Amino acid sequence: MTTPQGRAELPKTYDPRSVEGPTYQRWLDAGWFRADARSPRPRFSMALPPPNVTGSLHIGHALDHSIQDYLARVHRMRGFEVLWLPGMDHAGIATQNVVERELAKEGKSRFDLGREAFVERVWSWKAESGGRILGQMQRLGDSVDWSRERFTMDEGLSRAVREVFVSLYEQGLLYRGRRIINWCPRCLTALSDIEVEHEEVPGELALLRYPLADGSGWIEVTTSRAETMLGDTAVAVHPDDPRYRDLVGRTVRLPLVDRLIPVIADEAVDREFGTGALKVTPAHDPNDWEIAQRHDLPAVDILTEEAIVNQHGGRFEGLDRYAARREVKQAMRELGLLVGVEEVTHSVGHCYRCGTEVEPRLSLQWFVATRPLADEAMAAVRSGRTRFEPARYEKTFFAWMEQIRDWCVSRQLWWGHRIPAWYCPDGHVTVARQDPTACGECGKEQLTQDEDVLDTWFSSGLWPFSTLGWPEETEDLAAFYPTSVLVTGYDIIFFWVARMLMFGCHFQPPTPFDVVAIHGMVRDAQGKKMSKSFGNVIDPIELMDRYGTDALRFALVRGANPGGDVPLAEEWVEGARNFANKLWNLGRFVILSTGEATSAPSDRGTPPGSPGPPRPDPPGAGAALADRWLLSRLEATRAAVTAAYDAYDPAEAARLLHAFAWSELADWAVELAKPRLAAGGEDAATAGATLAYALDVTVRLLHPVMPFVTEELGRALTGVETITLGPWPAERPGDRDQDAEAGMAFLQEVIAAVRRFRAEHRVPPSARPRLAALPAGDRQAAVLRAEAESIRRLARLEAVEVAAAAPGGQPVARLLVAGAELYLPLEALLDLDEERARLERELATLDGERARAEAKLANPAFVEKAPAAVVARARGRLAEVEQALAKVRAQQAELAGAAR
Ligand SMILES: [Zn+2]
Ligand SMILES: [Zn+2]
């Protein structure tokens with residue numbers, strides 16, 4: 001149904017469920033999120049951080065996507081050609097784990113299937129169960145270009161991965177080497193340094209005594225991993241350590257394995273740590289490995305890949321590392337060689353995927369030489385070519401990049417991009433863009449491909465340009481690269497942002513993105529991390545079911561101060577739902593009350609690209625105070641909201657819009673307009689047109705955050721097909737009107753003062769006193785005269801008089817506001833004696849309470865012994881009582897005028 005003006009009628013209540021799905025589908029059908037690489041418009045592009053194919057939408061995604069969607073929508077409305085490119089990550093370890101767990105239920109392991117069948121199984125898992133998150137993104141309203149959806153393992157991206165691997169190899173920036181890496185004995189794969197999570201755990205520092213081979217004495221070492229002594233091949237001391245000078249060059253008989261090992265001197269030894277003598281286990285410690293390189297020491301690997309002691313561990317063979325630790329200590333104790341045990345807490349690395357304690361392990365892996373790449377990435381940030389928002393995260397980025405180490409990129413997994421390296425029987429390595437048929441060095445044809453796959457972050461590091469068709473020189477790459485903004489949480493600056501910058505600056509300069517906009521983590525209302533073990537996890541899908549998508553998005557964005565963590569409680573989402581309802585009711589009121597009254601829309605202000613008829617025109621100059629004030633506040637809000645969006649501060653935009661729509665538009669403007677609308681005629685038309693215009697601008701400003709309810713309102717208000725393509729409300733500096741804002745502020749104060757008096761002195765609503773107002777100047781007098789009717793109605797008065805002097809004779813209350821003295825005759829309002837007595841009683845009660853609170857806080861026994869929270873509460877209560885006292889005294893003062 002539509003009114004004669006082409007406005008749709010709105011249902012009584014806003015029902016998100018019946019609006020969201022169809023609205024999103026309508027957007028998709030219209031193709032409004034599809035980017036055109038040939039468009040003449042300015043470009044705005046973003047690559048969505050690809051969620052894991054195993055993932056489902058969690059509250060962190062909801063925040064991350066809400067922020068990106070607001071950016072996409074603001075730019076779309078402002079006339080940019082917007083590309084927001086979606087996709088998924090194959091998530092190597094995570095996905096392989098999921099499918100392995102599935103197999104385990106069938107009593108099988110991946111080895112039962114073999115590599116090819118297993119990988120096939122993962123692909124079919126992906127087809128059936130993977131990518132659930134994509135549907136959930138649609139519920140969230142993500143305005144992504146689904147026609148460009150990518151997957152890190154699809155053909156094009158795999159080609160990009162291969163190109164980068166081979167190029168890095170050719171440039172000498174990628175090599176294969178034997179190093180100590182982080183090994184997960186459960187996932188059976190290498191991990192990069194940042195895939196290891198360090199945790200403080202209790203342990204024991206054992207003091208072990210190693211006898212000198214000639215029986216002339218001993219040397220003592222400390223370790224928290226006693227089992228590693230089975231792999232010791234030296235004891236190292238500092239060359240300048242006088243305690244050990246005589247021992248350097250001598251030989252020690254390693255207990256339990258009976259191996260003769262040298263005492264060596266190396267400057268890397270920390271003289272202050274433990275005894276100052278270091279057991280050297282080259283196969284199980286990265287620093288020891290380096291010492292071993294310098295002294296040509298052998299490396300004895302004592303653990304299997306499952307971290308079980310192997311044949312080099314003698315009688316401890318077959319024990320896992322923890323049992324071996326106990327048994328080794330016990331055996332040493334029995335020999336009298338465990339001379340001390342100290343309880344300590346120390347930092348231990350755990351696998352970021354499964355939580356298993358990581359084992360440093362010597363193995364042959366592929367590494368990216370990151371230093372030159374990191375330097376290029378840092379240069380891009382230093383020069384300002386890429387900017388962090390907020391800027392403080394640049395420091396975090398530099399700190400990490402400065403101490404970056406070579407990146408271990410090979411993973412002993414089956415799911416991922418297989419390393420394009422082949423080995424011939426003579427051990428030559430052939431790395432090639434096309435699968436080779438013969439060794440590049442000797443021409444032998446018996447080639448075997450490297451078994452390993454690449455770290456997942458290797459392919460996601462190429463995301464900003466591989467998704468646009470790189471290494472081909474595509475139209476998309478030319479049009480949308482570098483991307484405009486990367487939005488992501490601070491938790492993956494190193495995992496991901498740093499890698500994208502390294503690869504992007506090197507392979508597709510100048511940079512993968514102009515701006516990195518960092519946000520925080522969603523936490524509970526108390527600021528606590530959400531986790532299953534705390535039981536405080538919030539499910540975004542449930543919240544959308546209960547309160548609607550707009551409510552969830554608004555609550556998240558409103559808390560998202562730039563770069564900071566985002567607290568969230570269900571009540572706040574509920575509050576945001578109430579806000580959506582408030583807007584809806586406002587829209588209904590405006591449409592119902594202006595359907596007949598609004599003049600036909602003018603032909604002004606329809607920019608290109610906006611479908612449907614033009615928007616309502618605001619009234620011109622000379623209008624009523626309420627109209628001029630509303631337009632002025634609207635323009636101020638428009639400017640501030642636009643600036644906040646531009647400053648990556650959608651939280652500020654959300655707060656401004658909430659305050660404006662709820663208080664100024666719904667509470668004041670509508671209330672002031674009601675009698676004018678009811679009276680009809682030209683003034684009613686002006687009042688209606690102003691309200692309709694203000695609401696239209698408001699829903700457009702809010703659309704990037706609450707896309708659904710605003711689209712529905714925007715369409716109903718003006719009959720346009722959509723507001724999602726804009727236009728963005730234009731700047732109208734001429735609407736700013738300081739005079740109107742000052743006048744309205746005065747009017748609001750007068751009304752608020754009378755309302756407050758009525759509430760505080762419990763004046764019955766039926767009582768209608770006459771107000772005598774004594775203005776401070778001509779301007780206030782003019783406002784009082786012009787707006788007398790509004791004041792009368794909104795403050796529930798019989799009449800409003802502008803007085804030249806304070807009224808005498810009868811008892812009156814005197815209220816002071818900025819710009820006027822207000823007098824209310826008391827006779828009709830309240831029983832003065834009774835009210836005075838009531839205030840006296842209240843004063844007495846509060847006085848008593850204050851005395852008790854003060855006594856309590858003066859008692860040292862209480863202040864010192866009670867829990868801090870209880871003392872703080874008592875202090876808070878005292879402050880409250882003091883405030884209440886001041887208020888009662890002010891009320892008494894108001895009645896004092898009655899004595900005249
Ligand atoms: Zn693991
Ligand atoms: Zn060869």
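First listed ligand is number 1; within each ligand, the first listed atom is number 1. Just so it is clear, the model here is predicted, and its values are computed rather than measured.
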Measure from the ring center of Trp366 to the ring center of Phe165 and say whether it is less than 6.0 Å.
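Yes - the distance between ring centres of Trp366 and Phe165 falls below the 6.0 Å cut-off.
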Rounded to the nearest 10 degrees, what's the angle SG of Cys439 makes with ND1 of His428 at the Zn ion (ligand 2)? Could you check?
110°
For the rings on His417 and His90, is their centre-to-centre separation under 6.0 Å?
yes
For the Zn ion (ligand 1), angle spanned by Cys187 SG and Cys184 SG (nearest 10°) is 110°
Can you tell me, to 10 degrees, how wide the angle at the Zn ion (ligand 2) is between SG on Cys424 and SG on Cys442?
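Between SG of Cys424 and SG of Cys442, at the Zn ion (ligand 2), the angle is about 120°.
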Electrostatic pair Lys329:Glu227 at N-O distance under 4.0 angstrom
no
Test of ring centre spacing under 6.0 Å for Phe397 and Phe494
no
